[in-house]
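In each ligand, atom 1 is the first atom listed, and ligand 1 is the first ligand listed.
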Amino acid sequence: MSDNGHDAERRLRDRSAGPEGAAAPAEPGPFRSAEWFAREGKYGFIPRSWMKSQGFSPELFDGRPVIGICNTWSELTSCNRHLRDLAEHVKRGVLMAGGFPLEFPVMSLGEPLMRPTTMMFRNLVAMDVEETIRANPIDGVVLLAGCDKTTPALLMGAASCDIPTILVSGGPMLNGRFRGRELGSGTDVFRLDEEYRTGLLSKQELGDAEAAMSRSAGSCMTMGTARPWPPAGRGDGHRAADERLDPGRRQPARGAGRTERGANRRAGEAGDHDLADPQPGRVRERGQGQRAIGGSTNAVVHLLALAGRLGVEFSLEDWDALGRDVPTLVDLKPSGRFLMEEFFEAGGLPVVMQRISEKLRLEAPAVEGGTIGERIANAVSYDDDVIRPRDRPLTEQGGIMVLKGNLAPNGAIIKPSAATPRLMQHRGKAVVFSDADDFRARLDDPDLEVDADSILVLQNVGPRGYPGMPEIGSMALPKKLLEQGVTDMVRISDARMSGTAYGTVLLHVAPEAAIGGPLALVRTGDMIRIDAANRRLDLEVSEAELAARRVAWVPPAPAHDRGYGKLFIDHVTQADQGVDFDFLAGKSGTPPSKVSF
Ligand code: FES
């Protein structure tokens, strides 16, 4: 615990425990931390002694629950750089409720810096979280996350531990502003880059915009990959969308600390866990929630992986089938016009939840007490242009479509709200790039044979191929077409795309090219048909020809022959399975472990 944490502990003890200055008495509970801290002799002496060396008071070892605060703060993860401050407020909440908070770091995943892609390390962080919790005297955990992959990684790891868990989102950053124009994270980078490449923006102007886009800590303020998680959690959605990075953000963090201690008490008594309650309805509700907010395509692989950890039957097909009648209500970039500040001021997630309330289990308990129904009952919309009423949606059909066919036997996905409607029914000639390097090298080649009806195909950028399934599926358009005024084309790959990106982009093709999926057999000039209405994606090449190409196909050399990279390539599952490791599905709980001395 930092010095600040000790200050908090002292202040809270003084404030809430009366003149004796003793912390609120703990309720007895069968907590696993007692295996460390309540033992007689050397087995209790050693853990207590070393912890007391940090200044922790003796009463903290009186049988109260230990609440881990799992922190992804890092200067390498700019979006999460405020989480140490939030952690102090969670600690206060835990102390106020009579728990013993212990903060611990795990590997952090900063989207803008990490290479080859943060997705390659999501499972590693999940392992870090899972094993850190299991190996230590932790009875419940508060997860502090924000930047894209930090949230699913922490949820997946905690899910496999089966202990009471609450997620505190770091919230979005402030809206970007540049010359009277709002700039949305990511989304406007793609636009600015196109303007720069076609000479509409100077280098100086691009540099000025760069300095104006990211104005604070917090995650991307568009409806990017970081955004769908607050509604995926079970709690106070309005606070999850809270723009404020001032004390307004800290109060809910403190509330989470108090609640976690309470949830832990209930868990000890009645087995009422949050993540540990694997009801299929919860995962499905989360999928429907994505539709209403126009959530990122990345939520598909993360929720599939989380369902796998929880043992919930939830498939790629469910993504398409669930909530086909749930429209996109939130008018946020990249599908719409606004950013998270406007969303929060319009009333935030409680309004969205209220407007799709027939799809939710309103009797489900909310994290902060009461039921979900009670928490959203009085939600008020302050701007129906930002959060649309059901009879005036942004798009009638939101969410994710799953297409299958001989080009994607196990599925490919598309986000209709980010696509051009006329391109959802399309037939065009493939222009194939064999990998990301080939794409970058030839995209702007004046001799590239491509027109607005062509379909760009990118191979070998899937889970094993890249490896790590990077967010490069929303391939930039060829410069010569941009100069002709082309703004969208059909693009197909086994990659993901940023939640901030847009376009008629078919992603997550499974099986991927690097393991011999049909995507590997496509050649420039082949005709491809997209029939989104009938959920079809087909390569119009005869079976005989495809069989001949399959025989001639040579798999790409693996990118790694040792270390974590090899572990990843050897064990990662395909996109339709959640891109988790095959040996990590399910959960192991926190069984009693052996002492080491
Ligand atoms: Fe961190 Fe977008 S870069 S959430």
Side-chain angles (χ1 to χ4, degrees), residues 71-84 86 106-122 125 143-155 167-176 182-193 209-233 240-243 245 249 290 293-303 330 332-335 338-341 343-344 349 415 418 468-474 495-502:
N71 202 342
T72 50
W73 171 90
S74 169
E75 286 186 338
L76 294 170
T77 308
S78 178
C79 303
N80 294 11
R81 67 181 190 259
H82 57 312
L83 295 186
R84 279 206 298 197
L86 278 190
V106 290
M107 182 180 181
S108 190
L109 306 176
E111 208 64 29
L113 300 189
M114 287 193 89
R115 293 181 183 179
T117 164
T118 51
M119 187 63 182
M120 185 162 163
F121 304 103
R122 183 200 64 178
V125 175
L143 308 174
L144 296 185
C147 197
D148 286 8
K149 307 304 175 295
T150 56
T151 305
L154 268 52
L155 286 171
L167 169 72
V168 174
S169 161
M173 66 175 84
L174 300 168
N175 289 3
E182 299 257 297
L183 289 185
S185 310
T187 303
D188 283 302
V189 175
F190 301 115
R191 289 191 206 287
L192 291 165
D193 181 58
E210 178 181 303
M213 178 172 283
S214 306
R215 294 174 51 229
S216 71
S219 45
C220 293
M221 82 310 260
T222 44
M223 189 50 74
T225 306
R227 295 276 63 78
W229 290 103
D242 196 331
E243 278 298 320
L245 293 165
R249 185 85 209 145
Q290 307 309 307
I293 63 172
S296 161
T297 50
N298 283 319
V300 174
V301 286
H302 299 323
L303 267 188
V330 176
L332 252 64
K333 291 182 180 183
S335 301
F338 300 103
L339 296 170
M340 286 301 289
E341 279 187 41
F343 179 58
F344 172 70
L349 286 171
K415 183 175 175 179
M469 204 182 177
E471 292 182 341
I472 56 178
S474 57
R496 296 173 301 117
M497 80 171 177
S498 165
T500 64
Y502 51 86

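Atoms of ligand 1 found under 4.0 Å from any heavy atom of Asp148 (numbered from 1 in listed order, with element): 2 (Fe), 4 (S). Atoms of ligand 1 found under 4.0 Å from any heavy atom of Ser219, numbered from 1 in the order shown, are 4 (S). Numbered from 1 in the order shown, with element, the atoms of ligand 1 that lie under 4.0 Å from a heavy atom of Glu111 read 3 (S). Applying the 4.0 Å criterion to heavy atoms of Cys79 picks out, from ligand 1, the atoms 1 (Fe), 3 (S), 4 (S). The atoms of ligand 1 that sit less than 4.0 Å from any heavy atom of Cys220 are 2 (Fe), 3 (S), 4 (S).
Within the 2.8 Å limit, Cys147 places no N, O or S atom next to atom 2 (Fe) of ligand 1.
For the residue pair Thr77 / Ser108, a side-chain donor-acceptor distance below 3.5 Å is found, with atom types taken as modelled.
Looking at Arg496, its side chain never comes within 3.5 Å of a backbone N or O of Gly473 through a donor-acceptor pair.
Note that OG of Ser216 is 8.0 Å distant from NE2 of His82, once rounded to the nearest 0.5 Å.
Between Thr151 and Leu167, the shortest heavy-atom distance links the atoms CG2-CD2, 3.6 Å.
Annotation: side chain of Leu174 is in contact with side chain of Glu341 (closest heavy-atom distance under 4.5 Å).
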